[in-house]
Undergrad: 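Handing you a structure now.
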Amino acid sequence: MFDIIAVDISGRHRTNDEYIMVCAAVSASVTADNIEKTNQIAIRSFRSISAPDVTDVINMVETTVAELKFGGTIVTEAGDMYNKPQRIIDSIFYQDFKYQESLGERRCIELAHHVSLAARKFLLKELGLQ
Amino acid sequence: MMSKRKSMSYKAIIVKRDDPGTDKDKSDLQIRELKELAEAAGYDVVSELTQTRYPDRKFHLGRGKVEELAQMVFHFSPDKIIFHNPLNTMQVYNISEICRCETIDKFQLILEIFATRATTHRSKLQVELARLEYELPRARAVISILKKDERPGFMGLGGYEDSYAQDIKNRINRIKDELETIQKDNRSLRAMRHSLGFSLVSLAGYTNAGKSTLFNSLVDEDVEAMDMLFTTLLPTTRSLTINGRQVLVTDTVGFIEDLPHWMIDAFRSTLDEIFLADIVLLVVDSSQPVEQIKEKLLVCHETMWDQLQDVSIITVFNKSDLLQEDELQQCINYLGYLSPNPVAVSALKGSGFDKLKTKIYNELPEWERISLSLPMSEEGMSILAWLFDEGIVHDVEYDEKIYIEFEAREKIINKAISIINKFY
Ligand SMILES: Nc1nc2c(ncn2[C@@H]2O[C@H](COP(=O)(O)OP(=O)(O)OP(=O)(O)O)[C@@H](O)[C@H]2O)c(=O)[nH]1
């Protein structure tokens, strides 16, 4: 079993002249093909006037992950890091980082994705933006 | 089938162009994969040629490199030149003209492989469909090349362009219709299989991993594959009995890196065979360098992610006879995070099969086990015969009654109970 933190950010497009983003980090133990146990989920929202670049994305991920009590390798989809080579992104992160590979990791990212989408939808509703 | 082609020994030169700045390891891996694919299609790869540059519009490679290629063709007289990179019609035409050798790209090579392995009506249709979909845009291009050259007489053909493309489109539609019908039949076949209580295990993996070898040594010899229904639609299906449970094992086409979408769609139902199984045996060649195995497993995971239903995966590290015990263990440990249920076997030597079978057994959909008693009568005996057919009879004692230890899927257990209740 492997401890990972699967992270997904939703809202990386302009909404009413700004970017309202929600980052979800799921700490879990995964096997090669399944999620064995989820430990904790952290959610943070971020607002910005300009489109986020790689550094912004990494900052959002690190801020969200800092709220978790559990450690593990941070895993994202390559697209979330603008498809930059993994070793470059890894060198910027404080923690271990990699792109999704196994089915277990993919399932966990999918979970993080649902969480960030649902949380963002809720947030927009609360803000009266939708 | 493959060995027949191999003995005919077609020769090929493989070619690959890289954009400047391409990762060398990745490029090496791709040329190796191309070589493996070519060999799987029965070619003897006599030489390789690579070039780093941006694509040339007319020749794909640089003009000088194509001349070099022509020299190689003169020297080796291959049957084909196989490019890793997708080529457009103009480039194929130009390269073939200069080199005087049939030139194809990786996707046509894959089509050839699929074509040699297509044995059912359905898979033949799929190959034909993929070929037509590959052809359609090219058919248009050929016509516009001809037009540009203003070949005499061509302009007089008028509606030829339209009718040719239309003809291909019509054939595509006809095949799609027919495939849909077959697809429906297949779904009901699958339902029937489940109602009969068979579990399906399918073999997946890259070419050359040893799938066919494993298939042949794993399945029960001389056991004819079920009825005609199964054999016509899944020709490579044979049965295997593990601890009394009967499973159907299917050999399938391998995974290949970056299949283009038109091809994936065309082969979706072939892939379905893998993914509608209860268990997938993911076969890898553990004698390869770990980084190569890792790359291949990554492609498998990616492909499975797009297709996967609710199936169990067992990772079979094949060709264990080619490695030392500790090397093998290291390899399995290193790749653990990509290898569900790892097990080492040698398909060639037949070792590791007990462990593999245990793993398959553990992943089979659950059956229940109960103790039953039947009257010692003709009727009781005929029910016992029925139990033998539907599940596993672990133990029978004939006394005043017939005492039976029986295991089967839930539905059968319930039916057995309701029949037996009638007696008491
Ligand atoms: N040493 C060794 N060689 C093996 C073993 N299993 C398969 N091979 C060899 O590996 C080669 C490929 O085996 P196949 O069974 O044809 O592989 P495949 O995965 O079916 O390949 P495709 O039909 O191309 O998809 C053959 O030369 C086999 O003899 C094994 O356990 N040990």
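Keep in mind it's a predicted model, so treat the numbers as computed, not measured.
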Undergrad: Restricting to non-hydrogen atoms, name the atom on A:Leu103 and the atom on B:His301 that form the minimum distance, rounded to 0.1 Å.
TA: N-ND1, 2.8 Å
Undergrad: Does a sphere of radius 6.0 Å around CD in B:Glu291 hold more than 12 heavy atoms from other residues, nucleotides or ligands, not counting ones at 6.0 Å or beyond?
TA: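 It does: B:Glu291 CD has more than 12 such atoms within range.
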Undergrad: Take a 6.0 Å sphere around CG of B:Asp326 and say whether it holds more than 12 heavy atoms from other residues, nucleotides or ligands.
TA: yes
Undergrad: Of all heavy-atom pairs between A:Ser102 and B:Tyr337, which one has the smallest distance, and what is that distance?
TA: CB-O, 3.2 Å
Undergrad: For chain B, which residues from residues 45-77 of chain A have at least one heavy atom closer than 4.5 Å to it?
TA: none
Undergrad: When rounded to the nearest 0.5 angstrom, what distance separates OG1 in A:Thr31 from CD1 in B:Ile313?
TA: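 If I round to the nearest 0.5 Å, the distance is 9.0 Å.
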Undergrad: Kindly give the heavy-atom pair with the smallest separation between A:Ala32 and B:Ser339, and that separation in Å.
TA: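 That closest heavy-atom pairing would be CB-N, 3.4 Å.
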Undergrad: Could you work out, with side chain to side chain contact (heavy atoms under 4.5 Å, CB included) as the rule, every residue matching A:Asn16, not counting sequence neighbours?
TA: A:Leu129
Undergrad: Need one label for A:Glu110: side chain, backbone, both or neither, based on atoms under 4.5 Å from any heavy atom in chain B.
TA: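 When you check distances to chain B, only side chain atoms of A:Glu110 fall under 4.5 Å.
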Undergrad: Counting neighbours of OH on A:Tyr82 that are heavy atoms of other residues, nucleotides or ligands and sit closer than 6.0 Å, is the number greater than 12?
TA: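 Yes, because the 6.0 Å sphere around OH of A:Tyr82 holds more than 12 heavy atoms from other groups.
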